[in-house]
Protein chains: 2
Amino acid sequence: MRLVVATCTATYSGRLDAHLPQATRLLVVKADGSVLVHADGGSYKPLNWMSPPCTLTVSVPDDERAALGVQEVWTVQHAKSDDRLVVELFEVHHDSAHELGVDPGLVKDGVEAHLQQLLAEQITLLGPGHQLVRREYPTAIGPVDILARDPAGGTVAVEIKRRGDIDGVEQLTRYLELLNRDPLLAPVRGVFAAQEIRPQARVLATDRGIGCLVLDYAALRGVDDAGSRLF
Amino acid sequence: MRLVVATCTATYSGRLDAHLPQATRLLVVKADGSVLVHADGGSYKPLNWMSPPCTLTVSVPDDERAALGVQEVWTVQHAKSDDRLVVELFEVHHDSAHELGVDPGLVKDGVEAHLQQLLAEQITLLGPGHQLVRREYPTAIGPVDILARDPAGGTVAVEIKRRGDIDGVEQLTRYLELLNRDPLLAPVRGVFAAQEIRPQARVLATDRGIGCLVLDYAALRGVDDAGSRLF
DNA sequence: TGTTCAATGTCGCAA
DNA sequence: TTGCGACGTTGAACA
């Protein structure tokens, strides 16, 4: 990994065109040739970048550029597309290289899969007397997150999202249409469960007779006695 | 901006829990206190990070950690939520600070808004005799990108995407359903316009009687005589 | 300030 | 390889 702090411009052309005027920025060149251009603020997203696979070529500026004070030109060309990032360096304030080695990678815990597991364990959140049929109930158009039976013998199909958006309601609607054709299951009622349900999604769901269930992750986890912590 | 290359672990807790085992990585501390943890590969997304507003606190490790070789502990606490990133530094290979100043920011060209503007100006790309009604035509479920009239007096609703995916066809379908209830507009025909239309999206659109229009950005721009070049 | 929607989205999984 | 959905999405425009 090479770290360069330099006064520079950067121009990307590819899926769109984007240009950075002259200013001092951090340039990170990773071992795979990818390049990040970072300002001293903003979030983790670089101002400009080139993703691997790509190759960095360093060249001397033409006369015109040199007359403007350009010391060096970096051309970062994507290997498969015609995406290209060109960095003009005017003044280099810092330049160092470092051997980092391969990273062992990230360990994660706690998203949609976990919500599904917790709701399956606490299926009576759907209402008293409900029973789990199975998680990931397979259908021709994809698996339904949770299938359950209500006390009246009807079926309940649950779609789980971390954030309940209109797309999720559409998805559940497609499942319900399909499931209700099966005489062994019908009538199938829908429940849209999420940590947060957007107003538009709630309106659409209600309009279609689909129930909404807001999941409190902390509460679900609190009830979950098995101390299934990863670290 | 402070650049540190160090052997470290990093643990995030907040919306999820994520842990990075000990390895050598780049730590970037920006002027606003935000922190990025980068490996020497992957894309522009850091392995772990903390977004502003947040504060970085450096402390000495407790005895237990110190016995394991931890030299220093960084605690990065988000200002508004309880998100937290803890970095344990075992060995510091590089440490430097740099004054970058404020960045003038990115100039972009060729995004969806621009495509919409160009198509509105060249509305006859929909066919001879078409006339623009308006851009961002408001409906109860959101604005339609472009509404136009065809020579026969029918209405055309256009959904524009940079990349035409199945979602965009679903969106346009919802608009069409709604617009066709309006006797002043009906019949309303749909056109799905994008720089690139995915095969599945095209199939779905065609199946629903929605037309597909591939937008050639360079050509649209070439016809645009106003020399509105950004750089 | 909150909501909505695009993004050079990126990332991971499965068919 | 492509499709599909989640993401600690981020970011910007708009109400």
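Chain letters run A, B, ... following the sequence lines, proteins first and then strands; every chain starts at 1. Quantities reported herein were computed from a predicted structural model and do not represent experimental measurements. Quick note: numbers below take in every heavy atom, side chains included, and nothing from hydrogens, waters or symmetry partners.
Here A:Met50 lies out of heavy-atom contact (under 4.0 Å) with every strand.
Here the side chain of B:Val111 is nearest to one of D:dG5, C:dA7, D:dG3, namely C:dA7. Listed candidates were D:dG8, D:dG3, C:dT8. Nearest to the side chain of A:Arg15 is C:dT8. When the nucleotides D:dG8, C:dA6, D:dT10 are ranked by their closest atom to the side chain of B:Glu112, C:dA6 comes out on top. Residue A:Ala18 has its side chain nearest to C:dT8 when only C:dT8, D:dT10, D:dG8 are considered. The side chain of B:Asp83 has D:dG8 as its nearest neighbour among D:dG3, D:dG8, C:dT8.
Centre separation under 5.5 Å together with a plane angle under 30° holds for the ring of A:Tyr12 and the six-membered base ring of C:dT8, marking them as stacked. By the criterion of a centre-to-centre distance under 5.5 Å and near-parallel planes under 30°, the ring of A:Trp49 forms a stack with the base of C:dT8.
Contact check, A:Lys80 against D:dT1: a side-chain N or O comes under 4.0 Å of OP1 or OP2. At C:dC5, none of the side-chain N or O atoms of B:Gln171 fall inside 4.0 Å of OP1 or OP2 (strictly under the cut-off). For D:dT9, the OP1/OP2 oxygens have no side-chain nitrogen or oxygen of A:Lys45 closer than 4.0 Å.
Between B:Asp109 atom CG and D:dA12 atom P the separation is 16 Å, expressed in whole Å. Atom CD in B:Glu170 sits about 14 Å away from atom C1' in D:dG5, given to the nearest Å. Between A:Asp82 atom CG and C:dT8 atom P the separation is 16 Å, expressed in whole Å. The distance between atom CD1 of A:Ile160 and atom P of D:dC7, rounded to the nearest whole Å, is 12 Å. Following rounding to the nearest Å, B:His114 (NE2) and D:dA12 (C1') show an atom-to-atom distance of 17 Å. Put simply, CD1 on B:Ile166 is 16 Å from P on D:dT2, counting in whole angstrom units. If you measure from atom CG of B:Leu172 to atom P of C:dA6, you get 13 Å, rounded to the nearest angstrom. D:dG8 atom P lies 14 Å from atom CG of B:Leu85, rounded to whole Å.
A:Tyr175 and A:Asp145 share no donor-acceptor pair across their side chains, judged by distance under 3.5 Å alone. Inspection of the B:Glu121 and B:Gln117 side chains reveals an N or O donor paired with an N or O acceptor under 3.5 Å. A donor-acceptor contact closer than 3.5 angstrom links the side chains of A:His38 and B:Lys30.
Listed by first and then second residue, the side-chain hydrogen bond (donor to acceptor under 3.5 Å, both in side chains) pairs that reach into residues 201-213 of chain A are A:Glu170-A:Arg208, A:Thr173-A:Arg208, sequence neighbours excluded.
No more than 12 heavy atoms of other residues, nucleotides or ligands sit less than 6.0 Å from atom CZ of A:Arg84. More than 12 heavy atoms of other residues, nucleotides or ligands lie within 6.0 Å of CZ in A:Arg135, so this atom counts as buried by the packing criterion.
With C1' as the reference atom, D:dC7 and D:dG11 are 14 Å apart, rounded to whole Å. On the C1' atoms, C:dA7 is 16 Å away from D:dG5, given to the nearest whole Å.
Nearer to the 5' terminus of DNA chain C, by closest-nucleotide assignment, is the contact made by A:Pro46 (compared with the other of B:Ser43 and A:Pro46).
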